[in-house]
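These notes are about the structure you will find just below.
Below, chains carry the letters A, B, ... as their sequence lines are ordered, and counting in each starts from 1. Remember, predicted model here, so these are calculated numbers, not experimental data. When reading the values below, keep in mind they use all heavy atoms of this one structure, side chains included, and skip hydrogens, waters and symmetry mates.
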Protein chains: 2
Amino acid sequence: MNQLYHVREFAQLAGVTVRALHHYDRLGLLKPSRTQAGYRLYYLRDLERLEQIVALKFLGIPLKQIRMMFHRGTNGMSESLRMQRRVLEEKRQLLDSAIRAIEEAEKATAPGNRPDSAILKKIIEVIEMQDNMDWSKKYYSEEAQARIEERKNLWSPENQERWTKEWTDLFRDVEAVLGEDPASAKAQALAARWKKLVEGFTGGDPQITAGLGKMYQDRPNWPANMQQRMQPFSNKKVWEFIQKALAAGKATN
Amino acid sequence: MNQLYHVREFAQLAGVTVRALHHYDRLGLLKPSRTQAGYRLYYLRDLERLEQIVALKFLGIPLKQIRMMFHRGTNGMSESLRMQRRVLEEKRQLLDSAIRAIEEAEKATAPGNRPDSAILKKIIEVIEMQDNMDWSKKYYSEEAQARIEERKNLWSPENQERWTKEWTDLFRDVEAVLGEDPASAKAQALAARWKKLVEGFTGGDPQITAGLGKMYQDRPNWPANMQQRMQPFSNKKVWEFIQKALAAGKATN
DNA sequence: GATCAACCCTGACGTAACGTCAGAGTCAAG
DNA sequence: CTTGACTCTGACGTTACGTCAGGGTTGATC
């Protein structure tokens, strides 16, 4: 009844390797008795313990922590599991976004069966997008996030390139007239171009506009790569000039 | 224009650590130029390469493989990504089942707020279940799998325990009458109990019954722990006796 | 009793992607 | 010339074992 098992037998019984049993032994997770010669001997009741180890390991809990859990008895087990579930859910988020990145890149490059170099570019683009979306979330209300999600279909690579060019041009043009009157016709034309570009992103939605404002106010806390990308548009005089021009425009209307 | 960066600067620019850059350098993934003194110097164009590395790493591709991909040029990139997507999807399967295991165990133990020891038992139960379902899938048709999924809500721990007991009792009873006539009333009564128990699982569905048959035929290929669990029911004489009894029952009907 | 195959043991190194010192050199400023 | 801020390399640590390597143990056979 109280059958004894050698490592090999016990390992097969439980579906693990001999080396794993050695490992658990050394870590103090499952210490079998020994023969005179030092051979490991497992009892059937050790199987229960081993199954627990395997199960917790399957949940992604590190062996050291499993040992601690056994050590402290079963108290706190459900708490540990709650925490582990959160850990796993976060991992799943990352996995999902990696998978989505590949999927979207495949979708975007498949139609033309473009050269392989294009897909890597697309991957980077998609990942950066996800990054930005994830980070900029905190500035927008739930509703604004949903609206942005809807408007995302406008963000084709072509459009993005066009917008970047238009913003760059506009900035250059504004910098050229910084000395002039913000209420002048020239300045008003520039302000109109600015407004149109902003609306190209917000779609006129006030919630999105509000979020965008919060994001702009918080620019000291932007991550480094974001600041880097925004550097061409960092000239504060330009922003102030446009502020005044927009105000002047409103005043005369 | 062709700005030079020291490690620290370059690392911050790209959002990685200095140590990571050292690492990529040693692995030959991104080898910067050096000053006389041996300091690493990065050009802006190195940033592109680094971004590619980070992106591929985000997708879970090991650095060595990334190096190979760069080495072979971009050819085969999309193929690698297809493969990687499959790898990631498999990982997600595992993650999902781990999360589901915790969720189900929490759900099952929450109502009574049972002692912590119960939840671990439940976890093991759920994982074993998933294991079995996953493995036994290959014996059943799509339709049968769906039917089984529906009938799963009957598999409460209580029911499972009851079924195990009934099967054990039935086996004992059959073994006691192995010498008698399979057509006898006693044998027919046992055959009826047998049939009822089988139908308790199949629900009378012919597709499930067919899958169950295939599974039984393939028992030499069952995994070790399954064979272990089925050992109490391995007496072939019992199976043969029931076969004959069921056949006899059909013949007389 | 010797031998042989089949097991078993421990110890050491390898894996992936860096983190974390430790000891030592470099650079610009005061 | 010192000081503080950087940088370098090398070595060890991390996780959960896999994979030898060198060396005992056991039970069966000759």
### Task
Run the numbers on A/R19 and A/H22 for side chain to side chain donor-acceptor pair (under 3.5 Å), then give the verdict.
CA-CA 5 Å; A/R19 255 336 240 150; A/H22 287 178; 3.1 Å; yes
### Query
Run the side-chain contact (heavy atoms from CB on, under 4.5 Å) check on A/R100 and A/Q130 step by step: do they pass?
CA-CA 10 Å; A/R100 272 204 314 276; A/Q130 289 178 356; 4.0 Å; yes
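At a threshold of 4.0 angstrom between heavy atoms, the contacts of A/H6 are confined to the sugar-phosphate backbone, with no base atom among them. Nucleic acid contact for B/V18: none, since no nucleic acid atom lies under 4.0 Å from a heavy atom of the residue.
Listed nucleotides D/dC17, C/dT10, C/dG19 differ in distance to B/T17; the shortest reach to its side chain belongs to C/dG19.
Residues passing the side chain to side chain donor-acceptor pair (under 3.5 Å) test with A/S141, sequence neighbours excluded: A/Q207. Considering only residues two or more places apart in sequence or on other chains, B/S78 meets the side chain to side chain donor-acceptor pair (under 3.5 Å) condition with A/D116. In this view, A/Y43 satisfies the ring pair (Phe, Tyr, Trp, His ring centres under 6.0 Å) rule with no residue, not counting sequence neighbours. With sequence neighbours excluded, the residues satisfying side chain to side chain donor-acceptor pair (under 3.5 Å) with B/E149 are B/K152.
If one axis is set at each end of the helix from C/dG1-D/dC30 to C/dG30-D/dC1 from five pairs, those axes are 50° apart, to 10°.
When the side-chain nitrogen and oxygen atoms of A/R8 are compared with OP1 and OP2 of C/dC9, none of them lie within a distance under 4.0 Å. Taking only side-chain nitrogens and oxygens, A/Y24 never comes nearer than 4.0 Å to OP1 or OP2 of D/dA16. A close approach under 4.0 Å does not occur between any side-chain nitrogen or oxygen of A/R40 and OP1 or OP2 of C/dC8.
The ring of A/W239 has its center closer than 6.0 angstrom to the ring center of A/Y216.
Atoms CG (A/L21) and P (D/dA16) sit 15 Å apart, rounded to a whole Å. Remark: P of D/dT14 and CG of A/L27 are 12 Å apart, rounded to the nearest angstrom. One can place NZ of B/K91 at 12 Å from P of C/dA16, the figure rounded to the nearest angstrom. At whole-Å resolution of the value, NE2 in B/H23 and P in D/dG10 are 15 Å apart. Taking atom NE2 of residue B/H22 and atom C1' of nucleotide D/dT7, one finds them 7 Å apart after rounding to whole Å. Rounded to a whole Å, the OH atom of A/Y5 is 17 Å from the P atom of C/dC7. Taking atom CZ on B/R34 and atom P on C/dT26, their separation rounds to 14 Å, with Å as the unit. Per the geometry, CG belonging to A/D25 stands 12 Å off C1' belonging to C/dT10, to the nearest Å.
For the contact set between residues 50-67 of chain B and DNA chain D, defined by any heavy atom under 4.0 Å, there are no members.
Distance alone, capped at 3.5 Å, is enough to place a donor-acceptor pair between the B/Q145 side chain and the B/K137 backbone. Side chain of B/R8 to backbone of B/V18: no donor-acceptor contact under 3.5 angstrom is found. A donor-acceptor pair under 3.5 Å is absent between the side-chain atoms of A/Q65 and the main chain of A/P62, judged by distance alone.
Under the salt bridge (Lys or Arg N to Asp or Glu O under 4.0 Å) criterion, the residue pairs touching residues 40-50 of chain A are A/D25-A/R40, with sequence neighbours excluded. For residues 64-89 of chain B, the set of pairs meeting the salt bridge (Lys or Arg N to Asp or Glu O under 4.0 Å) definition, not counting sequence neighbours, comprises A/E106-B/R85, B/E79-B/R82, B/R85-B/E89. Contacts classified as salt bridge (Lys or Arg N to Asp or Glu O under 4.0 Å) and involving residues 231-240 of chain A (residues at least two apart or in different chains) are not found. Within the structure, every pair that satisfies the salt bridge (Lys or Arg N to Asp or Glu O under 4.0 Å) test and touches residues 120-130 of chain A, not counting sequence neighbours, is listed here: A/K122-A/E125, A/E128-A/R229.
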Extract from the structure each pairing of a protein N or O with an N or O of nucleotides 11-13 of chain C at less than 3.5 Å, listing the distance.
residue, atom, partner, partner atom, Å
C/dA12, N6, A/R19, NH2, 2.9

Give me, pair by pair, the N or O atoms of the protein and of nucleotides 21-26 of chain D that are less than 3.5 Å apart, along with how far apart they are.
residue, atom, partner, partner atom, Å
D/dG24, N2, A/Y39, OH, 2.6
D/dT25, O4', A/Y39, OH, 2.9

